[in-house]
Amino acid sequence: MAVMNDHSLSTRSATTTDLDEVLAFWKVAAEGTSISDDSDGIARLVERDPEALILAEREGALVGTVIVGFDGWRCHLYRLAVHPDQRRRGVGSALLAAAEERFTALGGRRADAMVLDGNASAHQAWRAAGYEPEPQWSRWVKHLAE
């Protein structure tokens, strides 16, 4: 991953040593929870695809995350989260640039993002990055395990 123009901000792939910190970070920076927001879920993610979880750091501190999934056909973005004290300082843009760079390198053609309907500030951030909702689609889910 590249260091961004802000020399104090960098992005990199998470390692297994980062996972507890990421889970704690999401409690502060991410809205809502996922069934996979636990040590086993995040460890499986990093084991399965070591480049899927991208971290943003400023001066050594975790300030943002995004999960960048590619299944060979579609590019999926999850858990774009920026620490509340770091919002509107380029962290989200840096994470999305790293994600889109990865998708392009893998041959991806279109990225989609999971965004909570009620998270208005996230809607603004995604729109500013060039993303827009597709109202004709709904997400259908089935929990496979409790």
Side-chain angles (χ1 to χ4, degrees), residues 1-46 48-71 73-106 108-143:
M1 302 279 149
V3 174
M4 310 317 294
N5 289 340
D6 174 350
H7 296 291
S8 66
L9 182 65
S10 62
T11 60
R12 66 174 177 86
S13 298
T15 66
T16 54
T17 61
D18 297 309
L19 304 185
D20 289 337
E21 182 181 12
V22 169
L23 287 169
F25 176 80
W26 285 344
K27 290 180 181 178
V28 173
E31 185 172 323
T33 59
S34 165
I35 194 169
S36 300
D37 286 357
D38 60 27
S39 295
D40 290 339
I42 194 171
R44 270 192 306 278
L45 169 71
V46 172
R48 162 90 173 55
D49 185 349
E51 296 179 359
L53 176 55
I54 299 174
L55 308 181
E57 296 174 317
R58 181 168 272 134
E59 298 174 6
L62 179 60
V63 295
T65 66
V66 67
I67 296 174
V68 183
F70 182 63
D71 59 16
W73 183 42
R74 295 240 171 114
C75 306
H76 306 287
L77 296 161
Y78 308 93
R79 276 296 187 226
L80 177 63
V82 176
H83 192 281
D85 294 342
Q86 296 290 317
R87 292 181 182 153
R88 304 193 60 81
R89 295 185 57 201
V91 176
S93 295
L95 286 165
L96 289 177
E100 291 167 4
E101 180 181 306
R102 179 170 193 251
F103 287 150
T104 300
L106 293 171
R109 297 180 182 173
R110 179 180 73 172
D112 63 48
M114 296 298 304
V115 184
L116 290 171
D117 287 340
N119 190 341
S121 63
H123 297 178
Q124 292 173 350
W126 284 104
R127 277 193 177 91
Y131 290 77
E132 58 187 44
E134 288 189 320
Q136 71 273 25
W137 300 102
S138 293
R139 181 177 181 214
W140 291 36
V141 300
K142 176 182 179 182
H143 293 271

Is there a donor-acceptor pair under 3.5 Å between the side chain of Thr65 and the backbone N or O of Arg79? yes
Nearest 0.5 Å, what's the CZ-CG distance between Phe70 and Leu106? 6.0 Å
For Leu55 and Val22 the tightest heavy-atom approach is CD2-CG2, 3.7 Å
Surrounding CD of Glu134 (heavy atoms of other residues, nucleotides or ligands, distance under 6.0 Å), is the total greater than 12? yes
Are Arg109 and Cys75 close enough that some pair of their side-chain heavy atoms sits under 4.5 Å apart? no
Please give me the minimum heavy-atom distance between Gly90 and Leu9, naming the atom from each residue. O-CD2, 3.9 Å
When rounded to the nearest 0.5 Å, the distance separating CG of Asp112 from NE2 of His76 is 5.0 Å
So, His123 side chain and Leu116 main chain: donor-acceptor pair closer than 3.5 Å or not? yes
Test side-chain contact (heavy atoms from CB on, under 4.5 Å) applied to Leu53 and Val46, Thr15, Asp18, the passing residue: Val46
Hits for side chain to side chain donor-acceptor pair (under 3.5 Å) against Glu21, two or more places apart or cross-chain, chain-then-number order -> none
If I take atom CD from residue Glu51 and atom CZ from residue Arg102, how far apart are they, to the nearest 0.5 angstrom? 5.0 Å
Side-chain heavy atoms of Leu19 within contact of Ser39, under 4.5 Å: no
Heavy atoms only: give me the nearest Gly92-Val82 pair and the separation to one decimal. N-CG2, 3.8 Å
Apply side-chain contact (heavy atoms from CB on, under 4.5 Å) to Leu45 and Tyr78, showing your working. CA-CA 12 Å; Leu45 169 71; Tyr78 308 93; over 6 Å; no
Closest non-hydrogen atom pair, Asp37 against Trp26: OD1-CZ3, 3.6 Å
With the side chain counted from C-beta on, respond yes when Arg58 and Arg89 share a heavy-atom pair under 4.5 Å apart, and no when they do not. yes
Mind checking what makes side chain to side chain contact (heavy atoms under 4.5 Å, CB included) contact with Leu77, not counting sequence neighbours? Val66, Val68, Leu96, Ala99, Phe103, Ala111, Ala113, Trp126, Tyr131
If you look at every heavy atom in Ala81 and Leu95, which pair is closest and at what distance? O-CD1, 4.2 Å
Does the side-chain contact (heavy atoms from CB on, under 4.5 Å) test come out yes or no for Arg44 and Asp40, once each step is laid out? CA-CA 6 Å; Arg44 270 192 306 278; Asp40 290 339; 3.7 Å; yes
